[in-house]
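Down below is the structure, laid out as structure tokens.
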Amino acid sequence: MEVYVYILLRVERGEPWKIAAEVSKVSGVKTSHVVTGSYDIIAFAELGSLDSLKDIIVKIHGIAGVQHTETAVCLP
């Protein structure tokens with residue numbers, strides 16, 4: 001069963017577009033956009049299972065400049 005998630009990111013000041021481009025390269029991430037508001041970037045991902053969520057979050061936190069993430073899992 002596919003799992004769909006939105007990942008909201010807060011990043012360091014500077015180049016959010018560069019970080020969004022790096023997030024887009026993470027396997028499973030379909031889109032990544034710089035936005036206004038409480039978060040700097042919102043990414044959308046499609047995962048094969050909820051178990052793979054940890055892997056994608058670890059990869060995103062490994063990107064330089066990422067400070068905080070919050071994940072919203074879409075309900076079926």
Side-chain angles (χ1 to χ4, degrees):
M1 180 174 106
E2 290 281 314
V3 177
Y4 304 101
V5 299
Y6 287 92
I7 305 164
L8 300 98
L9 297 91
R10 287 193 185 116
V11 301
E12 294 176 1
R13 288 183 180 215
E15 300 182 40
W17 290 272
K18 180 180 175 184
I19 296 170
E22 289 299 313
V23 170
S24 291
K25 295 176 186 176
V26 173
S27 179
V29 174
K30 299 300 179 189
T31 62
S32 180
H33 302 279
V34 175
V35 297
T36 61
S38 299
Y39 291 91
D40 303 305
I41 298 169
I42 297 177
F44 176 75
E46 295 179 10
L47 310 174
S49 70
L50 199 52
D51 292 335
S52 59
L53 180 58
K54 180 181 85 171
D55 296 333
I56 199 168
I57 296 302
V58 167
K59 289 177 185 174
I60 289 173
H61 274 278
I63 296 170
V66 172
Q67 293 179 328
H68 172 80
T69 62
E70 186 170 327
T71 304
V73 177
C74 297
L75 301 174

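Residue Val58 is found outside any hydrophobic cluster, as its side-chain heavy atoms come under 4.5 Å of no other Ile, Leu, Val, Met, Phe, Trp or Tyr.
Applying the side-chain hydrogen bond (donor to acceptor under 3.5 Å, both in side chains) rule to His33 yields no partners; only residues at least two apart in sequence or on another chain are considered. Ser24 meets the side-chain contact (heavy atoms from CB on, under 4.5 Å) test with Ser32; sequence neighbours excluded. Residues that satisfy the salt bridge (Lys or Arg N to Asp or Glu O under 4.0 Å) test with Lys25, not counting sequence neighbours, are Glu22.
The line from CD1 of Ile57 to CG of Leu9 is 7.5 Å long, rounded to the nearest 0.5 Å. Atom CG in Leu47 sits 11.0 Å away from atom CE in Met1 (nearest 0.5 Å).
A pairwise comparison of heavy atoms in Pro16 and Ile41 identifies O-CD1, 3.6 Å as the closest pair. Between Ile60 and Val66 the shortest heavy-atom distance is O-CG2, 3.5 Å. Counting all heavy atoms, side chain and backbone alike, Ile7 lies closest to Ala45 at CD1-CB, 4.5 Å.
Within the structure, the side chain to side chain donor-acceptor pair (under 3.5 Å) test picks out no pair touching residues 3-17 (sequence neighbours left out). Pairs passing the salt bridge (Lys or Arg N to Asp or Glu O under 4.0 Å) check and including a residue from residues 35-51, sequence neighbours excluded, do not occur. The side chain to side chain donor-acceptor pair (under 3.5 Å) contacts involving residues 57-67 comprise His61-Thr69, where partners must be two or more places apart or lie in separate chains.
Transitive grouping of hydrophobic side chains (ILVMFWY, heavy atoms separated by less than 4.5 Å) keeps Tyr39 and Val34 in distinct clusters. By the criterion of side-chain heavy atoms lying less than 4.5 angstrom apart, applied directly or through intervening Ile, Leu, Val, Met, Phe, Trp or Tyr residues, Phe44 is not grouped with Val26; the two fall into different hydrophobic clusters. No path of Ile, Leu, Val, Met, Phe, Trp and Tyr side chains, each step under 4.5 Å between heavy atoms, connects Leu8 with Val23, placing them in separate hydrophobic clusters.
Two residues are said to be in side-chain contact when any heavy atoms from C-beta on lie closer than 4.5 Å; Leu53 and Val73 meet this criterion.
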